[in-house]
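Take a look at the structure below.
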2 protein chains.
Amino acid sequence: MCSEVSETAARELAPIAHHRRIPVGQVIHSEHQGLGSLAIIVSGVVKLVKAQRDGRLQIVGLQYAADFVGHPYAAKSSLIAEATTHLELCCFSRSAFETLMRNHPTLEQALYRRALNDLETAREWMFLLGRKTAREKVASLLVSIATRINRPLGGVGATAGKMALQFDLPLSRNEIADALGLTIETVSREMRSLKLAGVVSTAGRRSVTVLNPDLLRTIAEGDLD
Amino acid sequence: MCSEVSETAARELAPIAHHRRIPVGQVIHSEHQGLGSLAIIVSGVVKLVKAQRDGRLQIVGLQYAADFVGHPYAAKSSLIAEATTHLELCCFSRSAFETLMRNHPTLEQALYRRALNDLETAREWMFLLGRKTAREKVASLLVSIATRINRPLGGVGATAGKMALQFDLPLSRNEIADALGLTIETVSREMRSLKLAGVVSTAGRRSVTVLNPDLLRTIAEGDLD
DNA sequence: CGGCTTATTGACGTTGCTCAAACATGGTGG
DNA sequence: CCACCATGTTTGAGCAACGTCAATAAGCCG
């Protein structure tokens with residue numbers, strides 16, 4: 001499950017874990033009422049949202065299967081973690097997990113690497129938010145989701161790097177807008193424009209098929225309009 | 001120096017450290033030629049920049065005195081770290097440092113906490129980039145710099161939380177624009193607007209005096225225009 | 001099929017960008 | 001010490017990308 005952790009640690013991890021099913025829209029962690037627990041995602045997608053009193057939202061992270069939600073030792077995080085799809089979690093009590101961490105440097109290190117990974121992802125996203133056009137933003141998100149959505153728990157195996165050609169969006173238009181720093185109308189228009197350009201096609205509200213992956217990636221990187 | 005690390009670790013750290021002085025504009029780390037070393041900033045400011053082939057830039061992090069530059073175990077970071085002011089560094093060879101880390105869980109944990117801190121900062125910045133107006137962005141950056149610029153190596157002591165009322169910007173207008181996802185002209189106009197509103201005053205290109213800290217903070221948080 | 005939510009589309013407005021010109025600033029050499 | 005220059009900054013006018021508001025259409029569930 002936690003594939004990069006040593007055998008012995010994994011064996012000690014198992015007993016303190018418990019499985020949970022979470023419906024769409026449920027809050028996992030929040031500023032004021034954290035579940036107090038840490039979790040690994042078995043299936044589904046979690047959004048990390050930063051909110052302001054006036055209602056402005058920004059999604060600052062998406063976590064997929066095999067990702068960790070919640071940070072040990074973390075102070076107040078001022079983040080809301082919410083299920084954007086139906087969710088299966090593998091939860092650990094915070095205290096039990098932190099105790100275990102102290103005895104297993106491997107585990108500690110694995111978490112550290114995850115944090116560095118999240119940091120790298122966040123900084124990539126900062127570039128997108130600050131410097132990309134609406135069209136590039138939408139294309140980038142599609143690439144990012146297509147690359148991650150079907151990667152199973154097993155680890156960084158076969159499907160790594162390759163993107164799914166067909167998948168279901170784990171986000172509503174509203175959530176896409178909040179992830180990209182756009183409005184829902186602009187997202188809609190750019191999606192249409194990508195469809196007209198023959199880059200993607202859609203069916204229903206959520207299903208997306210990437211017809212031209214190379215072109216989509218090129219647009220996402222801004223090498224083309 | 002590394003104030004949150006245990007005494008014994010600090011004593012082992014000292015011999016492998018060496019001091020360096022860096023002029024403005026020098027690259028500390030980059031995608032292709034990393035110095036291979038890690039460093040703690042003694043004085044000065046480092047910007048972390050993400051660049052695209054077409055010349056677009058986004059500053060994704062600022063590191064001040066007492067901050068760490070470079071991540072142990074990190075893969076390729078695709079980041080450029082550059083001195084925005086004259087700099088004094090306390091450098092460690094990557095390998096020596098990583099060896100030391102393995103023997104001192106305290107050190108490992110300190111680095112982990114730093115990474116979580118950077119992550120929190122990055123996500124705060126994502127909100128700014130995605131959802132704040134130009135005016136709020138400029139005000140936010142001024143608050144952020146004013147809060148951090150004069151915090152000495154000693155740690156999170158007296159000056160924590162309080163912001164300096166007068167300070168020198170560690171960034172040029174161009175760098176400010178690249179940090180905020182704006183153009184230099186917009187930065188200039190918003191600075192003027194803040195001056196006209198009596199919130200700040202400036203002298204020369206770099207010196208800033210905050211005349212009304214509460215108002216500046218209010219503007220930064222978007223509770224007001 | 002009916003009703004509700006979510007998404008699309010269109011017309012229009014505004015913020016921030018582009019291009020261009022004038023202006024400080026701070027360093028250098030006379 | 002001052003004039004001069006290079007560079008960085010400010011300011012202005014016009015424009016484009018994206019946001020706002022409002023109406024319509026498509027999905028989805030009972």
Side-chain angles (χ1 to χ4, degrees), chain A residues 23-25 47 52 54-58 84-86 128-142 168-197 200-208 219 222 224-225, chain B residues 23-25 47 54-58 84-86 128-142 168-197 200-208 219 222 225:
Chain A
V24 176
K47 64 174 173 182
Q52 222 177 218
D54 61 14
R56 279 182 278 183
L57 297 181
Q58 175 66 47
T84 69
T85 66
H86 176 78
L128 176 145
L129 291 170
R131 292 307 191 192
K132 288 193 178 179
T133 65
R135 161 176 285 237
E136 291 162 6
K137 285 178 176 181
V138 171
S140 298
L141 184 66
L142 291 178
D168 277 10
L169 288 171
L171 304 174
S172 69
R173 292 302 137 103
N174 236 306
E175 290 170 322
I176 293 175
D178 285 337
L180 300 177
L182 297 172
T183 59
I184 148 179
E185 292 95 332
T186 299
V187 171
S188 196
R189 284 186 254 268
E190 295 302 335
M191 285 288 282
R192 175 162 67 139
S193 150
L194 288 174
K195 281 195 281 188
L196 291 178
V200 299
S201 73
T202 62
R205 286 174 182 179
R206 298 251 161 163
S207 168
V208 173
I219 293 171
L224 196 77
D225 309 341
Chain B
V24 176
K47 62 174 173 182
D54 62 14
R56 280 181 277 183
L57 297 180
Q58 176 66 48
T84 69
T85 66
H86 175 78
L128 175 146
L129 291 170
R131 291 308 191 192
K132 288 193 178 179
T133 66
R135 163 176 283 235
E136 290 163 6
K137 285 179 176 181
V138 171
S140 297
L141 184 65
L142 291 178
D168 276 10
L169 288 171
L171 304 174
S172 69
R173 292 301 140 107
N174 237 306
E175 289 171 321
I176 293 175
D178 286 337
L180 299 176
L182 298 172
T183 59
I184 148 178
E185 294 94 331
T186 300
V187 171
S188 194
R189 284 187 254 269
E190 295 302 334
M191 285 289 282
R192 177 162 65 140
S193 151
L194 288 175
K195 281 196 282 189
L196 291 178
V200 298
S201 73
T202 61
R205 287 172 182 178
R206 299 247 158 168
S207 170
V208 173
I219 293 171
D225 311 341

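Below, chain A is the first sequence line, B the second, and so on; all start at residue 1.
Remark: C1' of C:dC17 and CG of B:D178 are 14 Å apart, rounded to the nearest angstrom. Between the C1' atom of C:dT8 and the CE atom of A:M191 lies a distance of 12 Å, rounded to the nearest Å. Rounded to an integer number of Å, the gap from CZ of B:R192 to P of D:dG8 is 22 Å. Taking atom CZ of B:R131 as the reference point, atom C1' of D:dC18 lies 12 Å away to the nearest angstrom. When rounded to the nearest whole Å, the span between NZ of A:K132 and C1' of D:dA17 equals 18 Å. Here C:dT8 presents its P atom at 14 Å from CG of A:L182, a figure rounded to the nearest Å. Rounded to whole Å, the distance from NZ on B:K137 to P on C:dG16 is 8 Å. Look at CD on B:E190: it is 10 Å from C1' on C:dT15, rounded to the nearest Å.
Of the residues near DNA chain D, B:L171 and A:R206, the one whose nearest nucleotide (by heavy atom distance) lies more toward the 5' end is B:L171. Mapped onto DNA chain D by nearest heavy atom, A:G204 and A:T133 fall at different nucleotides, with A:T133 at the one closer to the 5' end.
When the nucleotides C:dA20, D:dT9, C:dC17 are ranked by their closest atom to the side chain of B:I184, D:dT9 comes out on top. Taking only side-chain atoms of A:S172, from C-beta outward, the nucleotide of C:dA7, D:dC18, C:dT25 with the closest atom is C:dA7. With C:dT9, D:dC18, C:dC17 as the candidates, the nucleotide lying closest to the side chain of B:T183 is C:dC17. Among the nucleotides C:dC17, D:dG12, C:dT8, the one closest to the side chain of B:E185 is D:dG12. Proximity note for B:R173 (side chain, C-beta onward) versus D:dG19, C:dC17, D:dT9: the nearest is D:dT9.
For the pair B:T186 and C:dG16, the criterion of a side-chain N or O lying under 4.0 Å from OP1 or OP2 is not met. One finds no side-chain N or O of A:R189 lying less than 4.0 angstrom from the OP1 or OP2 phosphate oxygen of C:dA11.
Remark: the B:R205 side chain and the D:dT9 base include no donor-acceptor N/O pair separated by less than 3.5 Å.
From B:I184, atom CD1 reaches atom CZ of B:R189 across 10.5 Å, with rounding to the nearest 0.5 Å.
Put simply, the residue from A:T84, A:D178, A:T85 that forms a side chain to side chain contact (heavy atoms under 4.5 Å, CB included) with A:K47 is A:T84. The only option from A:L128, A:L169, A:I176 that meets the side chain to side chain contact (heavy atoms under 4.5 Å, CB included) definition with A:L141 turns out to be A:I176.
Between B:R173 and B:E185 no salt bridge is recorded (no basic side-chain N to carboxylate O distance below 4.0 Å). Ion pairing between B:E190 and B:K195 fails under the 4.0 Å rule for side-chain N and carboxylate O.
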